[in-house]
Structure formats: structure tokens, C-alpha cells
Novice: 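Please see the structure below; I have some questions.
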Amino acid sequence: MLIPVVIGVTLITFTIAYVIPADPARAWAGQKAPPEVVEQIREKYHLNDPLYVQYYYYISGLVRGDWGYSHSEHRPVLDCLMDYFPATFELTIWAMAIAIPVGIYLGVVSAVKRNKIPDHLSRIFALSGVSMPIFWLGLLLILIFYTYLGWFPASGRGITPSHTYTGLYILDSILSLDFQSLASDIWHIILPAVTLSYATLAVMTRMTRSSMLEVLRLDYIKTARAKGLPDKIVIYRHALRNALIPTLTVAGLAFAGLLGGAVLTETIFSWPGMGRYAYHAISTLDFPAIMGVTFLMAVIFVIANLIVDIMYAYLDPRIKLGE
Amino acid sequence: MSDVLLKVEDLHTYFYTYEGVVKAVDGVSFDIRKGEIFGLVGETGCGKSVTALSIIGLIDEPGRIVSGKIIYKGKNLLELSEEERRKIRGKEISMIFQEPMTALNPVYTIGDQIVELLLLHEEGIANIKRAPKELKEEKKKKAIEMLKLVRMPDPERTIDSYPHELSGGMRQRAMISMMLATKPSLLIADEPTTALDVTVQAQILNILLDMKEKLGISILLITHDLSVIAEVTDRVGVMYAGNIVEIADTYALFDNPRHPYTVGLLQAIPSVTEKKEELKYIRGSVPNLIYPPSGCRFHPRCDYMMPICKKEKPKLVEIEPGHYVACHLFGGE
Amino acid sequence: MEETASQNFGSKYESQIKEFKYTLHLIRKSPLTLAGLILLIFIFLVAIFAPYLAIEHPIYIGGQQTWLSDFNQTFQPPSWKHPFGTDDMGHDIYSMVIYGTREALYVGFIVVLVAMLIGVLLGAYSGYIGGWFDEVLMRICDMFFAFPGLILAMAITAALGPGLLHVMYALMIVWWPAYTRIVRGQVLSVKQNQYIEAARAVGVSRFKIIWKHVIPNSLPPILVQATMDLGNVILTAAGLAFLGLGAAAYTADWGIMVSQGRSWMIAGKWWWSTFPGLAIFVTVLAFNLFGDGLRDILDPRLRR
Amino acid sequence: MSKGALYGIIAIVVIIIVIGAALAVYYYKPAPSKPSKPTSSVSGTFTWDTIGDPQTLDPAEAYDTASGVVIQNVYDRLVTYHGSDTQTIYPDLATNWTVDSSGKVWTFHLRKGVKFSNGDPCDAQAVKFSFDRVLIIGSPQTGVSWILSQFMYSYNKTTGKWNSPDGESSVRVIDNNTVQFKLREAYGGFLPAIAFTVASIVDPKVVNAHGGVQPGQDNDWMSQNMVGTGPYKFVEWKHNAYIKLEYNPDYWGGWEGKHFQYIMIKNIPEVATREQELLRGDADMAYIPINHLTDVEGKSGVTVNKGGLTYDVDMIEMNCRPTYENKTNPLNSKLVRQAISYAIDYNTLLKDIYKGYAIQMQGPIPKGMPGHDDNLFMYHHDPQKAKELLKEAGYANGFTVTLIYNQGNDVRAHIAQIVKEDLADVGVAVQIQELAWPTLLDKMDRGDYSMIIVGWAPDYNDPDDYAFPFLASYQIGGDTYRTGWHNATVDKLLMEAKYEVDQNKRAELYKEVQQIAMQDPAFIYLAQWKHVAVYRSWLQGYYFNPVMMLDFYHLYKGE
């Protein structure tokens, strides 16, 4: 699956990137650059060549591990991604860590109390998440928790850990036993993670609810109840385990989606992540960067799907890997 | 009678739906004695399963038990709290379902599902994960014993299998062994053989008979299949449109059916011994339970319809010792 | 037999009418769905009667919507004169929010309709004929799914240049694969049905089978998806506006209004961003409430 | 995987969060009050919330403000400006200098004993190396090297020789502390030009250790790292997040008095966040756009410094070509361009859009710069005259034009609205078009536009940096905005002025140029920005110079 998807994704990006009516070389050089410099850039990065030749250069570079040169940052794309990807990844993980349990819990409550007040409340809460412009929510949180209460900081990732192993600040802080940066990093990630998680929450809730509703009608739930098991066990051990299977797919997709969808949150909270990089790249026509980001996203998407498949096999004994 | 295990008295279970109130069970009374197999027979949708679910207490929204009594060992189950009823479920009264394919949780092994029940009722541990390992091992041995009891082939291996790895008959055996693991007094079997092949059906029925002998339990066997009734039950209740129309010893019922509906049912059984020109059937169709016919529910289809049948619902009367019929034909006697 | 047309219709579609009545009943019984529906009706009415509801009206210069500035009226807090206050050029935010309803619905409907049309046609065809066409189309869909939607929309909008129309194109491109997937899935399951086999055996044409049997059966999930997507499209368009890729500044577009006003929110001029933000929130929530309820109601597995 | 593994993982995560939170509470509180170095008057961190990430830290390539401010503080140049004074050039790494009568040979005597922050000596070799490096590399990404190459000998990549009579570069080492510049042309703006960051002195050893100097090639290492002689040394750059600098204890200027130990330049795109961090005191200084100044003005602990004029200007350029989109271009007519210049309500713009933080731009050369003419004619709002001029030009019924600006620029969005309304009054319908920056540049480059709102910021303090790109024709290397405007007299005058050494004579030449430019306008000269800076009142030592970046060395935290 990986190879066709990746080829497809690079092709789409390439097509989009190069049908642009503007001259990227001019954008890379800047307004004041003399025409010779623009021409040099055009020459150097093969912008005068036909599209397929450029594509060939790109793919052959990719194979050699050269992801191209990011003109908006004046350094290789790979270096940029190594900076920005962990930031977004960390943010996304935390957002999912909030969204998954809360979303599943709300979904269960909603399904068990279908068409009763708890169902209505949790649905309104969850649907509010997907209905709110995420940047507006972010601003609201800053207004409340930074401006008025002063509990959490409003920008950045916090203190850089004394050693960087993974680029994930919190993990690095723990690994390097740098508790001051750990504290600061956790404090900094809370608001953006909450903001980012809210929209995903609804998706999780919705999926859990509908698959729970379906599962709850099945015979084995009747069996479980006929066994005299308490409701809690029936719901969480017997029903949820089965209902989680479709929810998991959604979680996997949502994770991959969040990585790319974090741009708004990253902008509001000045989070130096991939979304902002992509946005910046797009607004400066930094194609190698756009290609790099989308390529990485596609790979993550495929990996996320793979992980979901593995989780499936764990959750559902009927599914065997490799089938 | 002192040997009555369960007594159902004038049970009404209604479902409140968009179209109207479905009177799925509308005044059902019968009793089950210790150590007997009581059959409940009737066409699909006549309220057999709802009766069973009412007894075990699993009627869901929008259904509700409107009135009646379910007296088990001298206690009216309907007056107990949900918590007390839950403790009876699975320990005193168990139930197995029609579809062995779907009645077992696909994500847990057979062993887990049996052990869970044993832990719950014997140790009071609801969450299997909280149980100490030794205890689980002990229960697992017990579960294997149970599987042996239902003649499960290769029980040591089966116990670690997932439901989807077993055949339909094996699943139903697993189901039976699970539901009998706590040695309940009453087992409700809701069409336990319907979904199975004929050969497997017989095996399962034999196991049920076996269990009755070995464990001394009572069984409420629900089926639409008269041959199953004939084979295993001691006594039979015939249900029609939410009512019981006839109760008798199995032999007596087959030998001398009294209610026109029962007569019709028995005549509809194909037989090799006496070839008929044409199979008999009961004319008309199962009535709508929202707007059931007035008086005797069966009157629109009855060949012996009298004016009173339209007006008055007949009561269940004992026309012979142990043989009850609800029909105006016998009301006057 | 003498039968009037209406009787004929009534008896022919008896089951459909019954189902429809039942659906209406379910909607009535579900307070959230009903709330969503009422809100939607309200929003539509606002869009239709915008010129009567608004206080100020745009003029058109060079074919462009223009709101005249009034520097004596900048940053007025909400009052009777300006119910939602004014922005930094003295525009009446209430009027712009009212007119913005039209634009939001316009963007939502056009994008979803086009995406739906493409998706339904491709999906139905692909699922029905299968083979290499199906394979290729599904791989193309995979690629689109592997692409984060917002980034793709950003890239396309950047490629086409900012502007509402370009945003709409971008969103259409992003949205169609979802419909293709749904319809194809439905087609595959419907295709298994006996009656399709039968229809084929009698020699009913492919097109007719798709049109008469496949599409109507796929309608409920598509309808649900479309309802929710209407909200999503409005939200995504607002997100693009926030990034400076959508509608032009000082037009009656909720996204750009929230975006322009956002930096003033914390400084105490909360109304500029808040009212259009609320408009987005309420509209998207209405679509979501209705869509979510509809999903419950139309789901055959949960229907009874 | 065992049954409990999943829950085990969740449990571990939860435990980590809880422990982390506990530690956070324990450790986070004391962090701000951590004692600073008590022994020195150098202490604390200066936190500056601003926008934009530097493009590169290499002075040979940097051409944007975000890069410039870091480079200016980490590297030194031969000469510099002091305080707000734009008229006098002061010594920096050079202590004094002489120039011969031709204006082509400059001799600089270097400050002795200056060391780079890594201990390497900064001598005449380093100076020569630095200048040569800029010209050899030739700034392939940004083209900034034109600032030096317009008066110095260029380098020929293919022959490996300099394009000078003797094949040597313009910079010669006389002795360890003396360098001599032999210029290709006597350039009037030489000293201001070498005060710009492109003329920063880099450490040859460091450069040679990291890739050396490749003709036509960027140095990747230099774009991400810096070793200079300036007051601050580079600590780390987290792209899109912050740049951290630390004071250079061996700085030749010494550390008498109060200074900041660390400099933190944070990149925060949201103005609301910058505002909040400033108001809460988490930032010492913040970039606040003028339309947001009211949010912070008058708040306790916040100073809004409005000292002086900048050289930043806003204009609307007009496409002067005879045809546009295969139709007669109304803007080709001088009368139409005059009419449009009269149609704009400058006072409204200045008052309501610029909020008083700008003056009307008086010709192409900003006020304060040498060559500016205080008596130059300025257009004023006169719709009646505009209508008459349009009538005279044959456009009594008006026409439609498109006005382009780059999306996301608030001030320009405002300007566009006002211009639209103003021109509608004289019968010209304006269609506003917001474009992404690259698309806008591209349209400009191809001359595919009617009007574009543009701006210009100074590279160095010389009128040539304004008049030439605006008014010289494309043929002689001007017309950066591609207006298509062409005037042979102006071309001649501009070239003459460029290489004229006598500053008074230059001023006269520029005066003549400007008069022609106002009579036959290619631009609507809108506004010249006033300076405004917003910082915490505890910040001391702040001053503004229109041709220099923020100077960290003189900042300190007062009581």
C-alpha cells in the first residue's frame, strides 16, 4: 500500500505545485533580488525543465535520501522536518491521549443512556467540539487560562530539554532527567493539546456511540446480562471491547489527520510544528518543503493504518494478521 | 403444590412502540415443577421469548412488565430489586439463546466466559481481571469439567478457543455448559436447536435431557418445533397471540389435543405414516398484537367459532387433571 | 378498475409514505435533531430575508461587494444602533453577519453538491462495474485520504490564488473521495442482493439498475454525510480564511470576520470576532445536530 | 501481548502525567525567581515577541529584517551609526579611515586586539576575507550582494579571477591592522552601504572549517550558526520558535554599566498573544501593529515609544505601459495618473488608517534621508481637479481598474478600501484583488497588473537605495516594481548621482529627479511611517535609528 500511495501523493503535490500561476524562483529570491539571481535559482533547481524531468529529479533525490532544499528556511527539507515533526507529533499524541478516553467515555454514556439527558448532554458537548472554529476555541482558552487566570502559558513549547534524543520535549526531559524543562514543557502543551483534542473528541464520541448502540443489541450482550453480570462489566468488558474496533479505525485516521490539521492550533499557540511549516511553505511556494511534508504525512498515514490493523488483531481474535 | 419451582401468574408484558402498545404477553400463567422439562410452543411472534425474558428479567425499553407475578421458590421476582434479581440471574435461573453464533462474545475465549460466570457467582468477583491467578486456574478446571459433562470433544483445547473457531453445535454445548456451570435450578432454553443442523439438534436435545437427569434441574424449553416438544418435554404449554391456550402433559397433549389451535398445529405436522392428500394448515395469519382480536384471540381463525368467542376471552380451565384449556368450547363443562 | 391517480400513488408508495411518516415521528421524538432542524430553518430564513433584516447594505463597485466605511463609527460596542457592534472601519457587524449567512450556505451547498455529484457518479459506476477502473479509482481515493484535508485545501488554494471561488474549488477536490467511498460501499452491498441479480437476468440496463436500485439505497448514508459536511465545509472555509486563503478582507464572510476580529478579542473588543464566530458555531452545530440525529434515525440497524 | 498490556501502558502514561504534573508544580514555581549572576551587571533575559523567522544567519545572504537584527548584534562591521543619528558615520571595527580625492580608494585602520567570540583574532585578513566572500558567493538565494557589487569589483566564477585591472579583489591587506578598498566606481553611498549587515566581518577560520567559500554556493553551516565579534554570541535557533543569544564576555566594547545576559527573540504570529505576553510582563518588548496600539497604550508598565520617522514607505504603483491585457491602458496617460493622485484622500488615510503614525510621503526619497526635498510638490485631495484631469484625458465616464495587495496585510486591506471609495467618487471603479505574496510578485514581474499597493524599507542610508529602484528604467537595472515608467533624463541623472562623490551635487541631482517624478507620477506616494516601539517601562536604553536594527547591547532592565 505504501508505495502506490506515496507515489500518488507526490504526484498530486507535484501537479498542484507546478500548475501554480506564479514563478517560485521569484518568491524564493524575494522582492529585491535582481533578475539574474532569480534566473540562477531557476537554473539551479531545474525550474526551466519540463515537469516530468523535475519529477524525475525529485524522486531520484528522494531515493538517495535527499528531500530537497527548503527555500523558505534556507536549509534542507529533512532538517526542517526533523525540527518540526516531533513538535507536531508530540502535540498530536497528547491531543489523542485526551480525546480517545474522553471521547470513548462520552460515547459509552451516550449509547447506554440513549435518548436520555446524559446522551443529549454528551452529544451536545461533543458536537460543539466539531462545530467550533478551532482557532476561536484556542483564543478563548488563552483568554481564560492565560490572560485572566494565568495558569498556563500561551506560546511556544517551553524550555528545551538539556539533551535532545527524540525531539519530543517531554520524553527528552524525562530521559535527561531535566525536571525544570519537564515541568515547563508539560505546562506549555496543555492548552494546545486540549484545543486540538476537542474537535477529535466528537469523532470518537460519535463512532463509539453508534458502534456501542449496535453492539448493545447483540445476543452476547443478552448472554452477559443473563449471566447476572453487573451493568458496568457488561458495558465495559463485553460491549465496549467489541465496539472499540470501528472506533479504533477512526482514531487511526484522526491521528493522521491531526498531524496535518494542527496548523490552526499551531498558529494560535505559536507552536513550531509541521502545520505552520507547511503553511509557510505554501505561502512562499516552497515546493520541496510542501512535497516533504505531504510525503511524510502519507507515510504516517500508512503507518497509522498499519498500527490500527495490528490493534485490530489484538482486539478482535477473529482477525488474523496477514489475511 | 410443593414441588413447583416457578409459578407465573397472569403475566402481562407490553411494548410501547410508535405504532401502539404491543401486548406481547397478555395474561400468561403456568408453573414449572422441579426436575421437569416444560415446553412452551407456539408460532413465531406469539410471545414465547418475551415470556422467557420476563422470567429472567431482561425486558428492555420500550417493553415493560405491566402486571402479574413470577414466583420463584416462593419469592415474587418482580418485587425484588434489580440488584437481587441480578444475583439470581445466571446462578439460580440461566438462559441459553437461539443463535449460538452470536450469543457468545467473539472476543473472549470460551474458558474466559465460563470462568467469568463462576467467579461472579461463586466468589462474588465481577471483574475477571481482579481475580487471583490461582482462583482462575481452579475455575478453569471446573469449566473443563463442565465441558466434559456436555460431551464437548477435546475440552482442554476448546476452553482456550474463541467462539469463531467452533462449530455451531460446539458453541451451543459451550453455551449450555456455561449456563449450567453454576448449577442453576432453572434453565430457560430459547429455541436452542433452531439454528442447528438436524443431527446436531438431536445431540443438543440429548444433552439437555442428560443435564436434567444429572443435575436435577428444571428446563423451560421454548420452541416452535412440535417434534422437539414431543421428544424431550414432560409438560407443554401452547401459546397463541400472547396467551396460553392449553397446558398438558406432553403425552396427553399429543394424544388428546383439546384447543382448536393445538389441534390445528398437530395436524400441520407432516407424517410419513399416514399420507394425506393435502397438508392441513390453519387458515388466516398470526394476529396483530397491537390490535388483537376481541374475545378469544383465535376466533377469526377458528373453525368452531361461537358468538361468545368474539365477546369474551376464555379462561384457562382444568378439564382433566393436569390438562388446562382456554376455550369456550370447554368453558361450560 | 377505476382508481384515481392519488389513490394509485397512495397505494403504490404506501410503504414509503409510512416510512417517511415514521421518520418524521422519530425526528419529533429526538429533541436534538428537532433543535437542529429548527435552527436550520431559522438560518435559511435569515439567508432568504437578509436584505430585510440587515441595517446596512453593501454596494457594488466593479462587480464587487463593498461595505462603505465610516470612521466615526469604528469599534462601537453592541447597541440598538449596531446590535453586534462595529469593526475597525465602522462596518455594522450585525448586517455583515446577516449577509454572511447567504455566503456560508452558498459555499456549503455548492461544495457539497458538487462533491456529492462527483462522488455518487464515480462511486456508483466504480462499485458497479468493478475491475481496473474500480481499482484505480480506489487507489486515487486512498491518496486523497492519505493527504491531510486542510493541507491539501491550503495547497490548492495557494496554487489557484486566494479568493472564495478558489477555496470552493479546493474544497470540492478535497471532499469528493469521501462520497465515492460511501457510494461504492453501498453499491457493493446492494449488488449482492437477489433483486439486482434478478433485474440483471431480465436484461435491465446497467444505468437503470444503478439509478433505480443502487442510488436510492445509498441515499440515507449520503444524506447524513452531506448534512454533516455542510457544516464541515463552512468550518474549513473559515479555517482557510483564518490563514489568509479565503474570502477578501471586509467582505461579509464569517471566516474572514472572525479572523480579522480575533486579535481584538483579548483587547476587549470581543464583538467583532465573537458574533461571526457564534454564527459559524450555531450554523455548523445545527448541521451537525441534524445530521447526527438523522444518522441515528436513518440507520436501518438502529431504526426499530 | 498479554491481556493487561494495553491497560498497563495507559496506567504508565497516567502515572507519568501525574508525576510530571507533581514535579511541575514543585519545580516550575521557583524558576522565574532563579538568582541571576550576582557578580556582574550583566543579568537577566531580554524577551522580545516579534514575527517572522530569519531566513538565514549568514550575513552574505541575509536580506530580511528578522535575519538582520540577529546579524547586527552578533557580528560587527567596519563602521556604524550611533544612537538616532543618521547623519554621522561612527567607527566600529575600524577606528578611522581616509579617502583619496578620486573617491575610489579608502583606507581603514582597524581596532586592535579585537577577537571573535571563539578567541580567533579579527584582523585585516578577516576583513578582506569577509568582503571577498560576499562577492564570491554572490548571494545565490537573495541577491543581497548587489549592495557591494555596485561599487566593488565582481568575481568571475569561471576564471577564478576578479574583474579588476590587476585581477585582484577590491579589498587589499596593507598590514595586520590596515585594509584598503579600491572601488570600481566612486560610490556616494559607500560608507552607509558598508554599515549594512552584508558587510559584517566573519571569522575566516570558522568559515573554512565549515565548507569554506564556494563560488555561487551558499554555506549551509553559516546559515544556521554564527561566530562574530559583536556584543552577543549565538546560543540556539529553534526555527519558527525563538533565537537565543548570550552576551559575549570578551566583547571589545566591554560590559560597563547594565546589560542583558540573554536575548530571547520569540517568533509569535498571533498579535493577541504578543499583546498578552507584553501586558503580563512575560515579554519585555513586543511587535504591535499600529492598529493595535490602542490596546496597550496607557496600560500600566507599558511604554509606547514614538520617537522619530522611519524610512519605511507605502505607495501604490501604477502600470504605465501603453496597453494592458491587449487594451489601451488608461494609466498610460500622465493625466490619469495625476488625477488618481489627486483623488486620494491622504488625510483620511493618515488619520484613520495609519492612526497618525505616518506622514504623507513627499516624493520617492523619505524625509530625513540625504537628498530629500522639503519643498517638493505634494498631491492633495482634490476630487474636482481629478475629475477635470480625467475629462481632459478623455475618461470623463471613468473606467475600471484592479488594485492588488498581498493578503494578510491589514493596513493595505484598509488602504484598498479607502482608495476604492475615493476613486469611486471620481468615477473610477476599483476592483480589489487580494493575492498571495508570490503571485503578487509574479504579476508585478510580468507587468500584469493595474495598480499594486507596495512598500519599501531601507537597505542603507542613501537616496540611491530609493530613487534608483523606483525611477530608473529596467534597462539600466532599475524599475524594481516593473511600472514600465521610463524617462531618459531621469535615467541619466540617476546614474550621474549614483557615482557622484560630492554630496551637495548629488542632492541637486536628486532634487531634479524628484520634480520630474512628481509631475509624471508612476506611484501614488502615500505615507512614510513614523516609528513606534512598545516595551515594558522597565526597559531602559532603547533608541531608534531608521537605518539600524534594534540594538541589544544598550538595553537593560531598570527599576
Side-chain angles (χ1 to χ4, degrees), chain A residues 1 4-9 11-13 16-22 114-115 119-120 123-124 127-128 130-136 139-140 142-143 147 202 206 209-210 213-214 217 253 256-261 263-264 267-268 275 278-279 282-283 285 290 293-294 297-302, chain C residues 29-32 35-36 139-140 142-152 154-161 173 228 231-232 235 238-239 242-245 254-255 258-259 262-263 265-266 270 273-274 276-278 280-289 291-293 295-296 299 301-302:
Chain A
M1 183 178 173
V5 166
V6 163
I7 290 179
V9 165
L11 262 177
I12 294 177
T13 333
I16 294 170
Y18 289 88
V19 297
I20 295 204
R114 189 185 174 197
N115 289 338
D119 179 23
H120 297 329
R123 280 168 84 180
I124 289 179
L127 287 177
S128 298
V130 272
S131 307
M132 207 178 274
I134 195 166
F135 47 91
W136 200 53
L139 274 174
L140 228 57
I142 291 182
L143 186 66
T147 309
R206 189 184 283 162
R209 178 177 183 273
S210 66
L213 281 178
E214 220 172 288
R217 299 152 42 87
L253 289 177
L258 275 194
L259 280 175
V263 47
L264 300 172
T267 307
I268 288 286
Y279 170 60
I282 284 169
S283 54
L285 304 188
I290 305 171
V293 171
T294 47
M297 295 283 187
V299 173
I300 298 286
F301 178 82
V302 171
Chain C
K29 287 273 293 233
S30 161
L32 290 192
R139 290 294 81 75
I140 293 176
D142 279 346
M143 291 164 201
F144 274 91
F145 285 121
F147 235 105
L150 193 63
I151 299 239
L152 183 60
M154 266 160 61
I156 297 171
T157 320
L160 299 171
I173 294 173
M228 315 264 270
N232 285 338
L235 210 57
F242 170 85
L243 292 173
L245 292 168
W254 293 341
V258 177
S259 177
R262 71 178 193 267
S263 54
M265 215 159 119
I266 287 171
W270 51 273
S273 202
T274 301
L278 275 176
I280 295 178
F281 176 64
V282 169
T283 308
V284 178
L285 187 66
F287 277 119
N288 272 323
L289 281 174
D292 200 42
R295 174 201 301 268
D296 245 27
D299 190 337
R301 289 164 304 188
L302 300 176

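The sequence lines fix the lettering, A, B, ..., with proteins before strands; numbering per chain opens at 1. Keep in mind that the numbers below use all heavy atoms, side chains included, and drop hydrogens, waters and symmetry copies.
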Novice: If you tally heavy-atom pairs under 4.5 Å against chain A, which of Leu32(C), Ile156(C), Leu243(C) wins?
Specialist: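 Counting heavy-atom pairs under 4.5 Å, the top option is Leu243(C).
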Novice: Go through it in stages, so that I can follow the logic: the residues are Leu289(C) and Arg123(A), the test is side chain to side chain contact (heavy atoms under 4.5 Å, CB included), and I'd like the CA-CA distance, side-chain angles, deciding distance and then a yes or no.
Specialist: CA-CA 8 Å; Leu289(C) 281 174; Arg123(A) 280 168 84 180; 5.9 Å; no
Novice: By a 4.5 Å heavy-atom criterion (distance strictly below it), what part of Thr157(C) contacts chain A: side chain, backbone, both, or neither?
Specialist: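 Contact with chain A is absent: no heavy atom of Thr157(C) under 4.5 Å.
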Novice: Check each atom of Phe287(C) against the heavy atoms of chain A and say whether the ones under 4.5 Å are side chain, backbone, both or neither.
Specialist: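 Neither part.
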Novice: Please rank Ile282(A), Ile300(A), Leu143(A) by heavy-atom pairs under 4.5 Å with chain C and give me the top one.
Specialist: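 Option with the greatest count: Ile282(A).
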Novice: Just give me the residue among Ile134(A), Val130(A), Asn115(A) that pairs up with chain C most often, heavy atom to heavy atom, under 4.5 Å.
Specialist: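 Of Ile134(A), Val130(A), Asn115(A), Val130(A) has the most heavy-atom pairs under 4.5 Å with chain C.
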Novice: Is any side-chain heavy atom of Met228(C) less than 4.5 Å from a side-chain heavy atom of Arg206(A)?
Specialist: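 They are in side-chain contact.
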Novice: Under 4.5 Å between any side-chain heavy atoms of Ser131(A) and Leu235(C), yes or no?
Specialist: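 Not touching, per the 4.5 Å side-chain cut-off.
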Novice: Could you tell me whether the side chain of Phe281(C) reaches within less than 4.5 Å of the side chain of Thr274(C), counting heavy atoms only?
Specialist: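 They are not in side-chain contact.
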Novice: Return the option, out of Thr283(C), Val282(C), Val258(C), with the maximum number of heavy-atom pairs under 4.5 Å with chain A.
Specialist: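 Going by pairs under 4.5 Å, I would pick Val258(C).
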Novice: Check Leu152(C) against Phe144(C) and note the closest heavy-atom contact, atom names and distance.
Specialist: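 Result for this residue pair: CD2-CD2, 3.6 Å.
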Novice: Sort out for me which of Gly231(C), Ala286(C), Ser273(C), Gly244(C) touches chain A most, counting heavy-atom pairs under 4.5 Å.
Specialist: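 The answer is Ser273(C).
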Novice: Between Trp254(C) and Pro276(C), which heavy-atom pair has the shortest distance, and what is it?
Specialist: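 What the structure gives for the nearest pair is O-CB, 3.9 Å.
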Novice: Does any heavy atom of chain A fall under 4.5 Å from the side chain of Ile140(C), the backbone, both, or neither of them?
Specialist: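 Interface part for Ile140(C): neither.
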Novice: Please evaluate residues Thr267(A) and Phe242(C) with respect to the criterion side chain to side chain contact (heavy atoms under 4.5 Å, CB included), reporting the C-alpha separation (whole Å), side-chain torsions for both, the decisive distance (0.1 Å), and the verdict.
Specialist: CA-CA 10 Å; Thr267(A) 307; Phe242(C) 170 85; 4.1 Å; yes
Novice: Which bit of Thr294(A) comes within less than 4.5 Å of chain C, counting heavy atoms only: side chain, backbone, both or neither?
Specialist: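 Thr294(A) touches chain C through side-chain heavy atoms alone.
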